[in-house]
Amino acid sequence: MSTDTFHGWACTGKDEPLQWQELPLKAFDADTVEMKVSHCGICGSDLHTMDSGWGPTDYPCVVGHEIVGTATRVGENVKHIQVGDRIGVGAQSGSCLNCDRCKNDEENLCENGLIGTYNSRWQNGDKTFGGYADKWRGHQRFVFKVPDNMSNELAATFFCAGVTTYAPLKRYGCKAGDKVGVIGIGGLGHFAVQWAKAMGASVVALSSSDRKREDAKALGCDDYVVTSDADAMKKHSGSFTHIVCTSFAGCMDWAAYLSLMKANSHFIMVALPEEPLSGIPAGLLAIRQIALVGSCIGSPQTIEEMLEFAAKTGVKPWIQKYPLKDTPAAVQAMRDGKARYRIVLENEN
């Protein structure tokens, strides 16, 4: 039997310790899917939100938006999910479904604002809560069946890190013969490397140190560049069709990175620093017609396409598991930079 509450690890304020609390689920309606959570990935967005880094957080907040589990209840309008199915949800749990963007399979760009899986509000005013929890409820449009050949623990991180890096590479035409640079080999970057390789491109890791060279090679990188090595950077001058920026430092040398780009190339920002971008040389963008672009997760259609592509090509995350009961320790490990390369919480009950 479904109940109207759940238990989860709630953040009650900036710098406050996580607390295991009972909190209300959203009101159940005809379009609702309820899930027993088995796994939830930890994302950098979780830390930004717990810390009010992107603006004020509506505490108490249960974060986590890489959620996988088993459907336990579905509303009468839900046809693609049945009780007992393995399902997942990502960073978006709702939208208006009526604006031009939503009707054009771009619900992630909803003109009336997407409803985040946590730290947001449903249309009826109920708070959204994420997956550091035993249960989750949300709208059917943003719930997806997990492919049969993909385990729950691996599937979880596709729903944010996976689609965040897949969507822009697909949108901006990554293909055989292209050359893709990936700034930062981490939770997002290790996905970006694999997607680009699976799409047929050659891939170069761009890192601030040498310590992830062997990992990059194992992920499929064709070269590894320590960005402080001017000679190594020069070797790749003017050769990249795409750069995916997954890690950002305030002292970023934009000129050095943009000098790596070919004409009519795409510099893709999926890192979301808390401070505005600055120091971008407009002249270099102009003379090579470089497109500096952002990307917002992915639409439901894109998520379905990504899951199919991953199941076919064998792209998968590198994960470390922590029991859900040890969530505070797992979050601290994430803060300490110990993730290699995605931490996944596992509900053992």
Side-chain angles (χ1 to χ4, degrees), residues 31-33 35 41 43-45 54 64-68 71 75 77-81 85-123 128 130-131 136-147 150 155-175 187-188 191-192 194-196 198-199 242 244-246 266 268-272 291 293-313 315 317:
D31 289 304
T32 296
V33 174
M35 178 199 313
C43 179
S45 303
W54 288 335
H65 58 206
E66 297 180 335
I67 314 169
V68 169
N77 291 344
V78 180
K79 306 304 179 186
H80 72 297
I81 300 294
D85 285 347
R86 294 188 305 125
I87 57 174
V89 65
Q92 181 178 12
S93 289
S95 72
C96 77
L97 301 178
N98 293 313
C99 70
D100 287 344
R101 295 275 66 81
C102 285
K103 291 178 179 179
N104 194 41
D105 293 320
E106 292 181 315
E107 296 93 332
N108 56 311
L109 304 179
C110 177
E111 294 169 17
N112 294 301
L114 66 80
I115 295 173
T117 295
Y118 56 70
N119 197 38
S120 192
R121 295 272 175 172
W122 298 101
Q123 285 93 338
T128 66
W136 175 86
R137 274 185 191 171
H139 193 282
Q140 63 160 320
R141 184 70 185 99
F142 302 90
V143 177
F144 309 91
K145 293 182 72 170
V146 173
M150 191 180 291
T157 65
F158 280 99
F159 289 101
C160 179
V163 72
T164 294
T165 46
Y166 172 87
L169 284 168
K170 183 65 186 301
R171 184 182 310 122
Y172 299 114
C174 180
K175 63 186 183 305
L188 294 175
F191 262 120
Q194 294 182 78
W195 293 131
M199 293 173 185
H242 307 74
V244 183
C245 181
T246 74
H266 289 85
I268 301 165
M269 281 293 299
V270 293
L272 293 176
V293 297
S295 186
C296 180
I297 49 174
S299 69
Q301 183 182 61
T302 301
I303 291 172
E304 290 166 354
E305 178 188 281
M306 172 201 65
L307 290 171
E308 182 180 347
F309 186 72
K312 180 176 68 176
T313 60
V315 170

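Position 1 is the first residue of the sequence; numbering continues from there. Both backbone and side-chain heavy atoms feed into the values below; hydrogens, waters and symmetry mates do not. Keep in mind it's a predicted model, so treat the numbers as computed, not measured.
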Distance-only criterion, 3.5 Å: show the donor-acceptor pairs between side-chain atoms of residues 87-94 and protein atoms not counting sequence neighbours.
residue	atom	partner	partner atom	Å
Gln92	NE2	Gly94	O	3.1
Gln92	NE2	Glu107	O	2.9
Ser93	OG	Thr117	OG1	2.7

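- In this structure the side chain of Gln123 reaches within 4.5 angstrom of the side chain of Ile115, judged on heavy atoms.
- Annotation: side chain of Trp136 is in contact with side chain of Val143 (closest heavy-atom distance under 4.5 Å).
- Listed here is the closest heavy atom pair of Gly41 and Thr157: CA-CG2, 4.5 Å.
- For the residue pair Phe191 and Pro317, the shortest heavy atom distance occurs at CZ-CB, 3.6 Å.
- Between atom CG of residue Leu307 and atom OG1 of residue Thr302 there is a gap of 11.0 Å, rounded to the nearest 0.5 Å.
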Evaluate the side chain to side chain contact (heavy atoms under 4.5 Å, CB included) criterion for residues Phe158 and Val315: first the C-alpha distance (whole Å), next the side-chain angles of each, then the deciding distance (0.1 Å), finally the verdict.
CA-CA 10 Å; Phe158 280 99; Val315 170; 4.3 Å; yes
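- For the pairing with Cys99, the side chain to side chain contact (heavy atoms under 4.5 Å, CB included) check across Asn112, Asn104, Leu109 returns one residue only, Asn112.
- When side chains are defined from C-beta on, Asp100 counts as touching Glu111, because their heavy atoms get closer than 4.5 Å.
- Using bins of under 30°, 30° to 60° and over 60° for the plane-to-plane angle, the ring pair Tyr166/Phe309 lands in the tilted bin.
- Between atom OG1 of residue Thr313 and atom CE of residue Met199 there is a gap of 8.5 Å, rounded to the nearest 0.5 Å.
- With ring centers used as reference points, Phe159 lies 6.0 Å or more from His65.
- Partners of Arg171 by salt bridge (charged side-chain N to carboxylate O under 4.0 Å, His left out), not counting sequence neighbours: none found.
- Judged by distance alone, with hydrogens and angles left aside, the side-chain atoms of Asn108 form no donor-acceptor pair with the main-chain N or O of Ile297 at under 3.5 Å.
- A donor-acceptor pair under 3.5 Å links the side-chain atoms of His139 to the main chain of Arg141, judged by distance alone.
- Under the 3.5 Å distance criterion, the side-chain polar atoms of Thr128 are matched with a main-chain donor or acceptor of Gly116.
- Counting non-hydrogen atoms of neighbouring residues, nucleotides and ligands closer than 6.0 angstrom, the CD atom of Glu304 exceeds 12 such neighbours.
- If you take CG on Leu188 and OG1 on Thr165, they are separated by 6.0 Å, rounding to the nearest 0.5 Å.
- For the pair Pro168/Val244, no side-chain contact is recorded, criterion being any heavy-atom separation below 4.5 Å from C-beta on.
- The shortest non-hydrogen separation linking Ala156 to Glu66 is O-CB, 3.1 Å.
- A donor-acceptor pair is defined here as one N or O able to donate and one able to accept, closer than 3.5 Å; no such pair exists between the side chain of Trp122 and the backbone of Gly138.
- Rounded to the nearest 0.5 angstrom, His80 NE2 and Lys145 NZ are separated by 9.0 Å.
- Here the closest non-hydrogen pair linking Gly130 and Ile67 is C-CD1, 4.0 Å.
- Distance OG1/Thr32 to CZ/Arg137: 7.0 Å, rounded to 0.5 Å.
- Nearest approach of Lys103 to Leu97, heavy atoms of both residues: CG-O, 4.2 Å.
- Nearest heavy-atom pair across Cys102 and Ser95 is SG-OG, 3.2 Å.
- For the atom pair CE of Met35 and CZ of Arg86, the computed distance is 12.0 Å after rounding to the nearest 0.5 Å.
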